[in-house]
Amino acid sequence: MVVGQIFDRSITNRARRAMKGIRRMSMKRYSVFAIAREAARYHSGWERAWKSPQPKKRYDAIIIGAGGHGLATAYYLGKNHGITNVAILEKGWLGGGNTGRNTTIIRSNYLQDPSAAIYEKARSLYETMSQDLNMNVMFSPRGVIMLAQTEHEVRGYERTAHANALQGVKTEFIGPERVKELVPIINIDGPRYPVLGGLWQARGGTARHDAVAWGYARACSAMGMDIIQQCEVTGVRRDGGKVVGVDTTKGAIECNKLGVVVAGHSGVISEMAGFRLPIESVALQALVSEPIKPCMDVVVMANTVHGYMSQSDKGEMVIGGGTDGFNNYTQRGSFHHVEETVRALIETFPIISRLKMLRQWGGIVDVTGDRSPIISKTPVDGMFINCGWGTGGFKAIPGSGWAMAEMIAKGEPGALAAEFGMDRFVEGRFIDESVAAGVAH
Amino acid sequence: MLILTCPYCGVSGEETEFHAGGEAHLKRFGPGSSDADFESYLFHRENPKGVHFERWRHVSGCGKWFHAARCTTTLEVFGTYTAQTSEPPQSIKDAITAKRPGWTWRDFA
């Protein structure tokens, strides 16, 4: 409460300083003219995109985790709420966790209202992100199809299309001929799982995941925020049930407010703060093929057979599948899931059967009981947590940061975050996307 | 890829022969319990970075449920043991202590 008043009193000063930061950044804007200028002087004038300072003794707010969600949280704290005395602490390197490991799919065709609201907010922010951050995040609204391959799935997606119409999310249920028209390489007559239709979101698509993290980081740094990499949090300092700071591998840092945005390691931080989460961490894998000529210009997800695929701008087929069944922090998954996913996709896309796979990797995803995220206050006063995005967090980054920043600034969740509180597990007020999607999503 | 040994039939197999069943040794709460206890039983998990006790089922084998002690940061399996217990046997605890000195058994909620 006291903290909130401090924020409120100085908000105009801070907002002014934040604007100055943005103007400062604007002097070094990326543009066609900047490229021309640098080309004329052998590219000697490019600067580092963000500073790497040593931590100060104290910040108004500390965000743990410099992935997409953490950086977006910090960015909107500054941009929307004028709070710029912020540190973002990262134990590894910026964007090196799930932000750099996902398959970059963006969509908002969710069944439940709270999900549709936050994912659509995120998707709409992606539309203008390159301009807003002055960083080309290569948002490509090429369209996303979720295939219906059983009668049950047809009914499920028809229901989702109706729900989306009511939520103001533009999707439609399309028949198999239209699927074939959009994706000529697809086999719609498979003997086991013929394509019976699909849920089509024309403004879904992909973006370059690294650039999203870099763009937010650069904008945060320009607002005067400190991004501190290689700085692992080892303890959460509390005084009378209120957070007062963190211990890190670079020493103790004080703060008024603490935002925890650490995905798979949420349970590790919550244990430091003395509470448990309804979360389990498991490995999720993805892989890419050798690059081939353009053959598929939409994203296709096949949830019944459990695989999804898109083609990157480099020509690689980007493939993802299901999670492992057991708790895991190793960022390595089990091979049989790769095999299962690839087997399913070869049935669906016979032309990829002889493609060589170039790379395969894993990330640790934090999965909740209802497969929906947590954006919540915690039992510790002044400490907030944003986690549980599970297998589908990339698409939510801007909306998640927007909602988390609002909660940190005001001390209470706003409309976007309200339904995602941890208390929903006490009350049984689930946002049940696990049933809606039939699989991890 | 994990290699597990079923403590009932003695067969060792890789993980596709088994099915993971989540955290072991949960204390059950049902009708008459507090909301907090019931929530904790249903949803809260230790989810440790390190030693983890978990349930597995030998689905493509004898079909029995059993318990395993495993490290979530190395995927090392310390041992498997019967499901008919509310705490790991001493031999398992000793095996973990040998590999992870300083480790202590927590009474899981």
Side-chain angles (χ1 to χ4, degrees), chain A residues 91 232-234 262-272 274-283 285 322-340 362 364-372 374 379 387-388 421-430 434, chain B residues 1-4 13-27 29 31 33-60 65-78 80 100 104 106-109:
Chain A
K91 81 177 159 76
E232 183 169 358
V233 171
T234 54
V262 296
H265 282 70
S266 298
V268 177
I269 302 287
S270 76
E271 193 192 344
M272 293 174 192
F275 62 93
R276 292 196 305 170
L277 293 169
I279 277 191
E280 293 197 87
S281 299
V282 296
Q285 299 174 88
T323 59
D324 287 353
F326 53 84
N327 296 43
N328 189 346
Y329 282 88
T330 64
Q331 296 186 319
R332 288 199 308 272
S334 298
F335 180 73
H336 64 93
H337 277 113
V338 173
E339 189 180 14
E340 188 183 282
I364 299 305
V365 298
D366 40 338
V367 178
T368 61
D370 61 0
R371 301 297 185 274
S372 284
I374 292 169
C387 62
M422 281 200 278
D423 55 347
R424 72 176 189 267
F425 293 97
V426 184
E427 298 168 9
R429 185 173 40 78
F430 303 130
S434 60
Chain B
M1 180 151 287
L2 301 177
I3 308 283
L4 297 168
E14 50 90 10
E15 64 186 77
T16 59
E17 199 172 309
F18 301 89
H19 184 80
E23 188 177 305
H25 307 302
L26 295 175
K27 269 199 199 117
F29 290 92
S33 63
S34 71
D35 283 357
D37 284 341
F38 192 55
E39 182 210 9
S40 185
Y41 158 56
L42 284 180
F43 298 108
H44 288 168
R45 296 294 177 260
E46 292 292 324
N47 196 25
K49 192 173 181 181
V51 179
H52 189 235
F53 299 93
E54 55 198 15
R55 306 168 75 227
W56 285 83
R57 185 168 178 244
H58 196 185
V59 280
S60 299
W65 282 100
F66 62 93
H67 287 165
R70 192 175 58 84
C71 179
T72 61
T73 57
T74 62
L75 304 189
E76 181 178 11
V77 179
F78 301 114
T80 54
R100 300 283 184 278
T104 54
R106 279 178 294 178
D107 198 9
F108 286 29

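None of these values were measured; they are calculated from a predicted model. Below, chains carry the letters A, B, ... as their sequence lines are ordered, and counting in each starts from 1.
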Exercise for the section: State, to 0.1 Å, how close G325(A) and A20(B) come at their nearest heavy-atom pair, and which atoms those are. Expected result: O-CB, 3.4 Å
Exercise for the section: Find out whether R45(B) and R276(A) are in side-chain contact, i.e. whether some heavy atom of one side chain is under 4.5 Å from a heavy atom of the other. Expected result: no
Problem - Atom group of I279(A) that falls short of 4.5 Å from chain B, counting heavy atoms - result: both
Exercise for the section: Taking the side chain as every heavy atom from C-beta outward, state whether S334(A) and E15(B) have any pair of such atoms under 4.5 Å apart. Expected result: yes
Completion exercise
Okay, E271(A) and chain B: the region with an atom under 4.5 Å from a heavy atom over there is side chain
Handout entry: Which atoms of L42(B) approach chain A - backbone, side chain, both or neither, heavy atom under 4.5 Å
Key = neither
Problem - Separation between CG of L2(B) and CG of D324(A), rounded to the nearest 0.5 Å - result: 8.5 Å
Handout entry: Member of N328(A), V282(A), N327(A) meeting the side chain to side chain contact (heavy atoms under 4.5 Å, CB included) criterion with T72(B)
Key = N327(A)
Problem - pair N47(B)-Y329(A): side-chain heavy atoms closer than 4.5 Å - result: yes
Fill in the blank from the handout: Separation between CD (E280(A)) and NE2 (H52(B)), nearest 0.5 Å, reads 6.0 Å
Handout entry: Distance, nearest 0.5 Å, that separates CZ of R332(A) from CG of L75(B)
Key = 5.5 Å
Problem - Proximal component of V268(A), with respect to chain B [non-hydrogen, under 4.5 Å] - result: side chain
Problem - Any side-chain heavy-atom pair of F326(A) and R70(B) under 4.5 Å - result: yes
Handout entry: Ring center gap for F38(B) and F425(A) short of 6.0 angstrom
Key = no
Practice task
Check the angle between the aromatic planes of F430(A) and F43(B) and answer parallel, tilted or perpendicular using the 30° and 60° thresholds.
Solution key: perpendicular
